[in-house]
2 protein chains.
Amino acid sequence: MELNQNRQLITNWLTLSNIQMNISNELECVLQQHHQLALNEFYVLLYLSQAPEKKLKLQQLQNMVGLSQSAMSRLVSRFEAKGCGTLRRHICGDDRRAIYTSLTEEGEEKLKKAFVTFNETLKKAFSKELVQEELERIIHQINE
Amino acid sequence: MELNQNRQLITNWLTLSNIQMNISNELECVLQQHHQLALNEFYVLLYLSQAPEKKLKLQQLQNMVGLSQSAMSRLVSRFEAKGCGTLRRHICGDDRRAIYTSLTEEGEEKLKKAFVTFNETLKKAFSKELVQEELERIIHQINE
DNA sequence: GGGCAATTTGCTTACGCATACTTTTGTATC
DNA sequence: GATACAAAAGTATGCGTAAGCAAATTGCCC
């Protein structure tokens, strides 16, 4: 009993991980091909667009996207450098240690287009029967 | 309507990703601390232990774990080098291009211990109310 | 001035892609 | 059949990239 439950727990976890990984890879691939965007770059744009005044400090971004400090610092730097003006960094007025990252008009345009692709890909991925079945199974087994 | 659905879809996806990422990080951390095992290394041991004769070709492993061919090649190499004999690589008899990776006795012991930690961590993670609620919400919204 | 906070930078690591390498397989020719 | 040779299969390796950790840097606050 106990053993079987453990086995199911692991199986569920592996299934969940696989689903997540496959969809992530798919998103990464599609965004790169159609919009020259890495998945994390897309997330940055997305979170910025949802933020008041469309700007966020590095620290906030890093928590949302789930990257380390240094990784986010470099992601935004790279992105600003090669992102063709989708993004801008500027020093925070009232705390000059902090860096604001803000979305530009071009950035919003770019996000809007990428958003469509992102959504379509996601919808397609989640509508696969296998994924739905597996997710349901996981839920049921977690609950008992 | 359409817009709200899209928004929910994305929210669900972000939630799912976050859950997966947090648990993965937790597992990685705990396994590293208690057993000097990376998560992918643990997966390798796990899949090997489930395989007939406790051995798999590199290609099979790479598909199971979800790594690229080169990444798996190197993961196994590193692991064999510093894994203190938990793992062994040897050339396949009937196809000398292929490499078998097989689990040793020590490897099974190590896996057995790590397995306990892994399971406990997983159980704890999934039993968090938030995770359950969120997963349920995702399922329901996917189905309509 | 000392301690803390936000970011940057040096370093190492693991990854993916493309390529090289070795072995197997398929095919044409004799 | 035997031989030669091209294509394919299974791994390894060179190279570039993005990640995390820890230390350095810069600015804030008491």
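Here is how names work: the chains are called A, B, and so on, in the same order as the sequence lines, proteins then strands, and each is numbered from 1. Please read all numbers here as calculations on a predicted model, not as lab measurements.
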**OP:** Assess whether side chain to side chain contact (heavy atoms under 4.5 Å, CB included) is satisfied between B:L135 and B:I19, documenting all intermediate values.
**Re:** CA-CA 9 Å; B:L135 284 177; B:I19 292 176; 4.1 Å; yes
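- Listed by chain and number, the residues in a side-chain hydrogen bond (donor to acceptor under 3.5 Å, both in side chains) with B:E108 amount to none (sequence neighbours excluded).
- Contacts between chain A and DNA chain D, taken as any atom within less than 4.0 angstrom of a protein heavy atom, begin and end at D:dA18 to D:dC28.
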Between side-chain atoms of residues 33-52 of chain B and protein atoms elsewhere (two or more places apart, or another chain), which donor-acceptor pairs fall under 3.5 Å?
residue, atom, partner, partner atom, Å
B:H35, NE2, B:T117, OG1, 2.6
B:E41, OE1, B:A38, N, 2.9
B:Y43, OH, A:W13, NE1, 2.8
B:S49, OG, B:L46, O, 2.7

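- Under the rule for a side-chain hydrogen bond (donor to acceptor under 3.5 Å, both in side chains), B:Q32 has no partner lying at least two apart in sequence or in another chain.
- Applying a 4.0 Å cut-off to non-hydrogen atoms, the residues of residues 86-95 of chain A that approach DNA chain D are A:D95, listed by residue number.
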**OP:** Using the side chain to side chain contact (heavy atoms under 4.5 Å, CB included) rule, take A:T11 and A:T15 through it: C-alpha gap first, then chi angles, then the decisive distance, then the call.
**Re:** CA-CA 6 Å; A:T11 304; A:T15 303; 4.3 Å; yes
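- First and last contacting nucleotides of DNA chain C toward chain B (any atom under 4.0 angstrom from a heavy atom, 5' to 3' order): C:dA14 to C:dT24.
- Rounded to 10 degrees, the angle between the two end axes of the helix from C:dG1-D:dC30 to C:dC30-D:dG1 is 10°, with five pairs used at each end.
- With hydrophobic clusters built from ILVMFWY side chains whose heavy atoms lie under 4.5 angstrom apart, A:V30 does not share a cluster with A:F126.
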**OP:** Decide side chain to side chain contact (heavy atoms under 4.5 Å, CB included) for A:D94 and A:C92; before the verdict, give the C-alpha distance in whole Å, the side-chain angles of both, and the deciding distance to 0.1 Å.
**Re:** CA-CA 6 Å; A:D94 40 311; A:C92 176; 3.5 Å; yes
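- Residue B:L111 holds its CG atom at 9.0 Å from NZ of B:K54, rounded to the nearest 0.5 Å.
- With rounding to the nearest 0.5 angstrom, the NZ atom of B:K128 is 8.5 Å from the NZ atom of B:K124.
- DNA chain D lies under 4.0 Å from at least one heavy atom of each of the following residues of residues 63-79 of chain A: A:L67, A:S68, A:S70, A:A71, A:R74, A:R78.
- We find the CD1-CZ distance between A:I99 and A:R96 to be 11.0 Å, quoted to the nearest 0.5 Å.
- Here A:L31 contributes atom CG and A:T121 contributes atom OG1; the two are 6.5 Å apart, rounded to the nearest 0.5 Å.
- Annotation: side chain of A:E136 is not in contact with side chain of A:E133 (no heavy-atom distance under 4.5 Å).
- Both B:Q60 and A:K82 lie near DNA chain D, and the one whose nearest nucleotide falls closer to the 5' end is B:Q60.
- Interatomic distance, A:I138 CD1 to A:Q8 CD, rounded to the nearest 0.5 Å: 11.0 Å.
- Screening residues 97-106 of chain B for side chain to side chain donor-acceptor pair (under 3.5 Å), with sequence neighbours left out, gives B:H90-B:S102, B:D95-B:R97, B:T104-B:E106.
- Residue pairs meeting the side chain to side chain donor-acceptor pair (under 3.5 Å) criterion with at least one member in residues 22-31 of chain A, sequence neighbours excluded, are A:Q20-A:S24.
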Could you tabulate the donor-acceptor pairs under 3.5 Å formed by side-chain atoms of residues 59-71 of chain A, not counting sequence neighbours?
residue, atom, partner, partner atom, Å
A:Q60, OE1, A:K57, N, 2.9
A:N63, ND2, A:Q59, O, 3.2
A:S68, OG, A:S70, OG, 3.4
A:S68, OG, A:A71, N, 3.2

Original post:
Given A:E120 and A:K123, is the side chain to side chain contact (heavy atoms under 4.5 Å, CB included) satisfied, shown in steps?
Top reply: CA-CA 5 Å; A:E120 283 172 359; A:K123 202 174 292 183; 5.7 Å; no
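- Taking every heavy atom of residues 23-49 of chain B and every atom of DNA chain C, pairs under 4.0 Å involve B:N40, by number.
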